[in-house]
Amino acid sequence: MIALVMRSAAAARFASLSTDFGGSVRSPAIRTALGVALCALLALFATAAVEIIARDGLADVREFLISPARPGMTTVVMLTVLMLSLDAALGRQLISALIVLPLVFVPAIVSNQKQHYLTDPLYPSDVLFGRQIMELLPVMVRDRPWTAVAMVVGIALSAGAIVILWRFAWRNFPKLSRTSRLRHLCVGLPVIATFGSLMDYSQYSFIRDRLQVVPMMWDQKENYRSNGFILAFIFNIPMADVAAPAGFGTQALDAIPGRNYGYLSGPREKPDVIMLMSESFWDPTRLKTLSLSPDPMPTIRAEQSGHVFSPEFGGMTANVEFEALTGFSNAFLPYGSIPYQQYIRRDVPSLATFFRGEGYAARSLHPFSGWFWNRNEVYKDFGFEQFRSEETMPPMEKRGIFASDESLMKEIMREADGIDRPFFFFGVTLQGHGPYEPNRYVHNTVDIKSNLNDADRATLATYTQGIKEADDSLKMLMNWAEKRDRETIIVLWGDHLPPLGNVYMATGYMPDQVATRKASVSVMKQEHETPLVIWSNKKGSKKDVGTISPSLLPYHLLKFAGFEHPYYTGFLGRVQKKYSVIDRYQLIARDNTPSPDWVLKPKNLDPLVRDYRYLQHDIMFGKAQTLGRFFPQHAWLYAQGT
């Protein structure tokens with residue numbers, strides 16, 4: 001941010017230079033050309049600096065700017081026209097620099113920091129959960145206190161300097177004549193409108209193609225690398241408008257044979273169901289260059305059913321939750337989108353409405369603020385009768401600033417003991433949330449033998465102790481369930497790998513702090529698999545599930561519980577027979593055969609995957625024409641007004 005102020009000061013020196021030249025050059029044409037040249041230089045500087053910041057170095061920046069196959073110069077021209085138009089609107093030469101530079105530098109800096117914790121760059125939709133970030137600031141500050149201090153001081157100094165520079169600029173930057181202002185606006189506004197029309201990535205544009213601007217919404221990392229931070233960020237602004245897939249319509253939906261996907265039936269004795277998504281739960285013994293003693297997760301290792309292939313890394317919990325509760329897939333949505341924040345705006349079928357249609361009580365529990373990830377509203381739209389959040393739960397024992405898994409399990413047991421009819425509980429734990437600051441626990445009971453430095457060892461020690469306590473909490477819940485007369489099914493999985501930072505690189509587990517998005521099946525599984533347990537107090541554990549997408553969890557849960565359903569066991573049953581992982585980068589078949597970049601080949605798309613996408617789009621964005629055939633309980637509850 002301080003550097004930003006220095007750059008703004010440089011703009012003032014440019015303006016002074018322009019004034020000096022303006023006094024000695026009488027020709028209006030030359031003065032205009034000089035102003036355009038100065039704006040172009042500032043635009044070039046801004047484009048280059050933004051790319052260096054966003055890419056965290058000089059890699060590929062030179063090629064981006066000079067290659068005729070890349071839109072670097074297109075970005076420079078766009079910023080130049082924008083600055084000239086703003087100057088004309090405000091009546092001062094180069095005053096636009098004090099608006100444009102912060103607007104492009106600040107998001108680039110935030111994107112740089114985001115990529116230190118998560119895989120993805122900054123998206124416009126990230127502003128929707130700014131409040132979530134503010135809630136997590138205390139633990140982030142505790143993890144990197146001096147960085148936090150530097151940021152606060154830098155922001156304060158930069159804000160003050162910008163105010164001072166603005167006052168200076170307004171008084172000292174050269175004024176533009178009325179004729180010059182009109183000329184700039186007459187040329188600039190149509191050009192800006194043209195650029196704006198090119199930003200609709202869903203429509204082909206001949207001009208955009210000639211400018212070497214190629215939106216790559218299926219691969220956002222490549223989108224940002226190839227098109228640059230500024231253009232890629234702009235492309236993502238209309239992300240909430242999801243276009244219908246090719247061929248979608250009433251005829252295509254009617255052609256999906258609902259009668260062939262199973263009928264509605266269930267067991268004579270309905271089991272209770274507890275579904276638990278464990279925050280950042282992963283097996284740290286996979287780090288092969290170190291040893292942990294004792295095993296931090298003996299219960300889960302003994303009862304493990306398989307793995308969940310998380311579509312996320314280090315965060316974005318809500319996207320994993322969306323798949324597990326609905327049986328829908330993020331692979332069919334724009335990359336970087338967050339359904340909970342952007343798309344769940346009406347009643348959507350879920351496991352909650354399925355179980356309620358079977359006479360169950362359906363409740364969700366999460367020991368954090370109810371507004372986080374918009375859960376207060378989303379759980380209503382999913383059909384949960386009640387959501388117990390931090391605001392409505394009794395005080396909970398903490399680990400650091402987060403509620404402990406043990407206290408959440410005790411609350412689940414307390415609520416279950418007070419219900420006579422069958423129940424479906426969905427719980428999201430919190431204790432395992434990062435960052436993993438030292439001394440979160442009074443005693444770390446797992447010994448780590450490794451060559452890690454002190455900081456990395458402290459991070460891993462905090463995380464591993466959390467895994468041990470999560471495992472102990474599940475054991476406590478299982479012991480309680482074993483004493484119950486009614487069958488009780490417990491499903492637990494980790495939402496994503498933890499953000500362990502440098503630990504992954506120091507142990508050789510991954511080449512970077514975050515997981516890759518595109519790689520071989522073995523590498524993708526290594527960087528995206530989390531443990532999965534499907535267990536019953538009457539039948540024990542379901543084994544040999546393999547590695548599955550979260551969207552296939554409803555199939556395995558309902559089959560294990562003895563239910564049949566047109567969508568959850570019927571349609572998803574057909575999907576799981578052929579594919580174990582439905583990811584936007586590759587489909588992985590049951591025999592581990594990958595189909596990479598399948599989204600780029602719509603004409604060759606498997607009809608089963610096509611129908612999957614059609615069903616999801618119809619329910620989420622269309623007229624819900626398939627609701628009655630594939631989600632009868634939801635349709636019935638909706639008709640009853642409940």
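The structure presented is a predicted model; accordingly, all values stated were derived computationally and were not measured.
- Contacts of Phe229 classified as ring pair (Phe, Tyr, Trp, His ring centres under 6.0 Å), with partners at least two apart in sequence or in another chain: Tyr224, Phe233.
- Under the side chain to side chain donor-acceptor pair (under 3.5 Å) rule, Arg70 has a single partner from Asn227, Asp60, Thr75, which is Asp60.
- Judged by distance alone, with hydrogens and angles left aside, the side-chain atoms of Thr326 form a donor-acceptor pair with the main-chain N or O of Phe322 at under 3.5 Å.
- Here the side chain of Ser329 pairs a donor or acceptor atom with the backbone of Ala331 at under 3.5 angstrom.
- Trp598 places a side-chain N or O within donor-acceptor distance of the main-chain N or O of Asp583, the cut-off being under 3.5 Å.
- The shortest side-chain heavy-atom distance between Phe372 and Glu390 does not fall under the 4.5 Å cut-off.
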- [ ] Test Trp282 against His496 for side-chain contact (heavy atoms from CB on, under 4.5 Å), laying out the working first.
- [x] CA-CA 7 Å; Trp282 176 68; His496 50 69; over 6 Å; no
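- The two residues Ala40 and Val76 come nearest to each other via the heavy atoms O-CG1, 4.1 Å.
- Checking Thr429, Thr317, Val428 one by one against Asp495, the side-chain contact (heavy atoms from CB on, under 4.5 Å) holds for a single residue, Thr317.
- Shortest non-hydrogen contact noted between Ser280 and Tyr463 is O-OH, 2.6 Å.
- Between the CD1 atom of Ile588 and the CZ atom of Phe309 there is a distance of 5.0 Å, given to the nearest 0.5 Å.
- The side-chain hydrogen bond (donor to acceptor under 3.5 Å, both in side chains) check on Gln465 picks up Thr445, Glu469, with sequence neighbours excluded.
- Looking at Glu529 and Val308, their side chains never come closer than 4.5 Å, going by heavy atoms from C-beta outward.
- Ser85 and His184 get closest at one heavy-atom pair: OG-O, 4.3 Å.
- Checking side-chain atoms of Gln526 against main-chain N and O of Tyr509 turns up a donor-acceptor pair under 3.5 Å.
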Notebook entry, point to check: Under the side-chain contact (heavy atoms from CB on, under 4.5 Å) criterion, do His433 and Phe368 qualify, and how do the steps go?
Noted result: CA-CA 11 Å; His433 208 292; Phe368 203 58; over 6 Å; no
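- Contact between Ala43 and Leu79 at its shortest, heavy atoms only, is CB-CB, 3.7 Å.
- Residues Pro284 and Ile467 are in side-chain contact: their nearest non-hydrogen atoms beyond the backbone lie under 4.5 Å apart.
- A side-chain N or O of Lys525 and one of Asn592 form a donor-acceptor pair less than 3.5 Å apart.
- Classified by interplanar angle (parallel below 30°, tilted 30° to 60°, perpendicular above 60°), the ring pair Trp166/Trp170 is parallel.
- With rounding to the nearest 0.5 angstrom, the CD1 atom of Ile401 is 12.5 Å from the CD atom of Gln431.
- Separating the CZ atom in Arg584 from the CZ atom in Phe332 is a distance of 10.5 Å, to the nearest 0.5 Å.
- Side-chain contact between Leu292 and Ile448 is present, with at least one heavy-atom pair separated by less than 4.5 Å.
- No hydrogens or angles considered: nothing links the side chains of Gln586 and Ser595 as a donor-acceptor pair under 3.5 Å.
- Judged as a side-chain contact (heavy atoms from CB on, under 4.5 Å), and not counting sequence neighbours, the contacts of Val110 are Val106, Leu122.
- By the 6.0 Å and 45° rule, Arg517 does not stack over the aromatic ring of Phe313.
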Test side-chain contact (heavy atoms from CB on, under 4.5 Å) on Val581 and Ile548 and set out the steps. CA-CA 5 Å; Val581 173; Ile548 62 171; over 6 Å; no
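- Take Ala403 and apply the side-chain contact (heavy atoms from CB on, under 4.5 Å) test, not counting sequence neighbours, and it matches Pro367, Met396, Lys398, Ser407.
- Shortest non-hydrogen contact noted between Thr464 and Pro296 is CG2-CB, 3.9 Å.
- Considering CG of Asn319 and CD of Glu312, their distance stands at 4.5 Å, rounded to 0.5 Å.
- The existence of a salt bridge linking Arg399 and Asp405 is excluded, since no basic side-chain nitrogen approaches an acidic carboxylate oxygen closer than 4.0 Å.
- Looking at heavy atoms from C-beta onward, Thr507 lies out of side-chain contact with Asn451 at the 4.5 angstrom threshold.
- Side chains of Ser520 and Ser522: a donor-acceptor N/O pair is present below 3.5 angstrom, by distance only.
- Side chain of Ser337 to main chain of Pro334: a donor-acceptor pair is present (N/O by atom type, distance under 3.5 Å, no hydrogens or angles).
- Using the six-membered ring where Trp is involved, Phe173 and Phe168 have ring planes that are perpendicular, over 60° apart on the 30 and 60° scheme.
- Other residues, nucleotides and ligands contribute at most 12 non-hydrogen atoms within 6.0 Å of the CZ atom of Arg62.
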Before giving the answer on side-chain contact (heavy atoms from CB on, under 4.5 Å), spell out for His307 and Thr530 the whole-Å C-alpha distance, their side-chain angles and the decisive distance to 0.1 Å. CA-CA 5 Å; His307 293 91; Thr530 64; over 6 Å; no
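- When side chains are defined from C-beta on, Asp87 does not count as touching Arg92, because their heavy atoms never get closer than 4.5 Å.
- Taken from CG in Leu211 to CE in Met78, the straight-line distance is 11.0 Å, to the nearest 0.5 Å.
- In this structure, the side chain of Asn453 engages the main chain of Ala455 through a donor-acceptor pair within 3.5 Å.
- Considering only heavy atoms from C-beta on, Tyr441 comes within 4.5 Å of Thr462 through its side chain.
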Enumerate, atom names and distances included, each donor-acceptor pair closer than 3.5 Å involving a side-chain atom of residues 498-505, sequence neighbours excluded.
residue: Asn502; atom: ND2; partner: Asp456; partner atom: OD2; Å: 2.7
residue: Tyr504; atom: OH; partner: Pro498; partner atom: O; Å: 2.6

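- Val36 places none of its side-chain heavy atoms less than 4.5 Å from the side chain of Leu34.
- Shown here is Asn439, whose CG atom has no more than 12 heavy atoms of other residues, nucleotides or ligands within 6.0 Å.
- Partners of Tyr340 under the side-chain hydrogen bond (donor to acceptor under 3.5 Å, both in side chains) rule, at least two apart in sequence or in another chain, are Glu321.
- One finds the CD1 atom of Ile582 at 13.0 Å from the CZ atom of Phe328 (value rounded to the nearest 0.5 Å).
- In plain terms, the two heavy atoms of Glu323 and Ser549 that are nearest each other are OE1-CB, 4.3 Å.
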